[in-house]
Amino acid sequence: MKRHFSRLSIFVVLLALLPVKAFAAQRLVPVGQVIGLQLYNDTVTVAAYDDVLGGAAKAAGLKIGDRIVKINDTSITCAEDVRAALDSADKELNLTVSRGGKQRELTLTPTQTGDGPRMGVYLRQGIAGIGTVTWYDPDTGAFGALGHGVCDSGGLLKMTRGSAYDASVTEVKKGKSGDPGQLKGTARSIEPIAPLLRNTAQGVFGVSPRGWRGEALPVAEYSQIHTGPATIRAQTSDRVQEYSVEILKIYPQTRSDCRNFLLKVTDPDLLRTTGGIVQGMSGSPILQDGQLIGAVTHVLVNDPTAGYGIYIQNMLDAAA
């Protein structure tokens, strides 16, 4: 039977790119703490209608999920472009939106308010959500999270800038067959703790001036990884805990889909709390024989006790 899987990071909405220092370090801190992630790109999307002013947008045919490409003669790449187009417009706006891969032309009459003209919608730029920090290099301040990339409808998000935030878990939705669970969280501050420098297929990377405490462990060679007992570090409440898992199968290191080994949760406490692997645990470090071997990346939709992990060196190579 074909196995269905789901990536684990929860992204709700929504850098000049800088090089990340090459990773020669062979000892890293396995973290397992949730963080807020905010990644921006050059698209602006309709997120919701305003309860009071949304009538004009609905009447014009503007729909949630529409990407605003152009307003009159102004190309839209950020929310500030929308504000400038509104301020310089006459009574009507000619909107070009992208919907379902096709462009559409709409005409909208903005509502005049004491703060200027308004379209009656809330906009989002990029993607935001929570994920888990996999590793931290105390020598360089570099860190990696998620173990897979952040994607939008067009594939891997082409991040222009991003930030990481302190976050806390506010709720756990327990997983069940056919319905993966999730960690729900919120940022604890509007002040970022680190810039995000790179979004790759193998994870999101940045450099933190503050970092995370913990004992640095050796990075495992692929030949050292074996089937059998292992642990993961994950945060499902107010603190990080270590939980028992079992490595069921090892795949070739060269796999590029972030699935280098299959694992199953065996820890009764984690099974009782989450039902196994849930969305938001993406990036939870995997440890075996006192070494860091990888990060949790996917959950099997029809079996939330099982999922996949990426080999740690594949993350480090992507960050280098």
Side-chain angles (χ1 to χ4, degrees), residues 7 9-20 36-129 131 149-165 187 190-192 194-201 204-206:
R7 283 181 173 169
S9 52
I10 308 171
F11 290 100
V12 182
V13 286
L14 227 112
L15 305 222
L17 293 179
L18 300 175
V20 179
L37 299 169
Q38 186 160 351
L39 289 74
Y40 291 97
N41 62 1
D42 59 358
T43 64
V44 176
T45 305
V46 177
Y49 298 114
D50 183 271
D51 290 339
V52 177
L53 305 176
K58 293 178 182 179
L62 196 61
K63 297 185 179 295
I64 294 172
D66 282 354
R67 174 189 169 192
I68 301 177
V69 177
K70 185 181 289 187
I71 299 179
N72 295 337
D73 295 324
T74 301
S75 295
I76 303 301
T77 61
C78 62
E80 288 75 14
D81 290 340
V82 176
R83 169 52 48 207
L86 279 169
D87 289 342
S88 62
D90 294 326
K91 292 184 178 181
E92 287 188 340
L93 301 176
N94 296 315
L95 303 180
T96 302
V97 302
S98 177
R99 182 188 304 164
K102 297 181 179 180
Q103 289 197 352
R104 301 169 184 263
E105 303 294 328
L106 307 174
T107 300
L108 184 149
T109 301
T111 303
Q112 298 298 324
T113 73
D115 296 321
R118 293 290 183 267
M119 291 172 57
V121 294
Y122 294 100
L123 303 174
R124 69 170 185 257
Q125 184 179 358
I127 295 176
V150 176
C151 296
D152 60 12
S153 58
L156 188 69
L157 183 78
K158 296 179 180 179
M159 184 178 70
T160 57
R161 59 188 174 93
S163 298
Y165 297 83
I190 62 173
E191 296 298 325
L196 300 178
L197 306 181
R198 187 171 295 171
N199 176 35
T200 77
V204 175
F205 306 101

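Note: hydrogens, waters and symmetry copies are ignored here, and every other heavy atom, side chains too, is used.
- Screening D42, I76, I68, L86 for a side-chain contact (heavy atoms from CB on, under 4.5 Å) with D81, the sole residue that qualifies is I76.
- No side-chain donor from either of Q103 and S98 sits under 3.5 Å from a side-chain acceptor of the other.
- Going from atom CG of L95 over to atom NZ of K70 covers 12.0 Å, rounded to the nearest 0.5 Å.
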Could you check V82 against M119 for side chain to side chain contact (heavy atoms under 4.5 Å, CB included), going step by step and ending with a plain yes or no?
CA-CA 9 Å; V82 176; M119 291 172 57; 3.8 Å; yes
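- Here the closest heavy-atom approach between residue Y49 and residue G54 is recorded as CD2-O, 4.3 Å.
- Minimum interatomic distance between G149 and L156 (heavy atoms only, all atoms of both residues): CA-CD1, 3.8 Å.
- When all heavy atoms are compared, the tightest approach of V121 to A57 is CG1-CB, 3.5 Å.
- Put simply, CZ on R83 and CD1 on I71 are 9.5 Å apart, with the number rounded to the nearest 0.5 Å.
- In this structure, N199 contributes its side chain and V204 its backbone to no donor-acceptor pair below 3.5 Å.
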Could you walk me through whether T107 and L93 pass the side chain to side chain contact (heavy atoms under 4.5 Å, CB included) check?
CA-CA 6 Å; T107 300; L93 301 176; over 6 Å; no
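- No more than 12 heavy atoms of other residues, nucleotides or ligands sit less than 6.0 Å from atom CG of D51.
- Atom-to-atom distance recorded for C151:SG and L157:CG is 8.0 Å, nearest 0.5 angstrom.
- For the atom pair CG of L197 and OG1 of T200, the computed distance is 12.0 Å after rounding to the nearest 0.5 Å.
- The CZ atom of R67 sits 10.5 Å away from atom CD of Q125, with the distance rounded to the nearest 0.5 Å.
- A distance-only check finds no donor-acceptor pair linking the side chain of N72 to the backbone of T74 [under 3.5 Å].
- No donor-acceptor distance shorter than 3.5 angstrom exists from the side chain of Y40 to the backbone of S163, with no hydrogens or angles considered.
- Side-chain contact of T113 with D115: a donor-acceptor pair under 3.5 Å is absent, judged by distance alone.
- With a 4.5 Å cut-off on side-chain heavy atoms, P110 and R118 do not count as touching.
- Taking every heavy atom of both residues into account, M159 and R198 meet most closely at CE-N, 3.4 Å.
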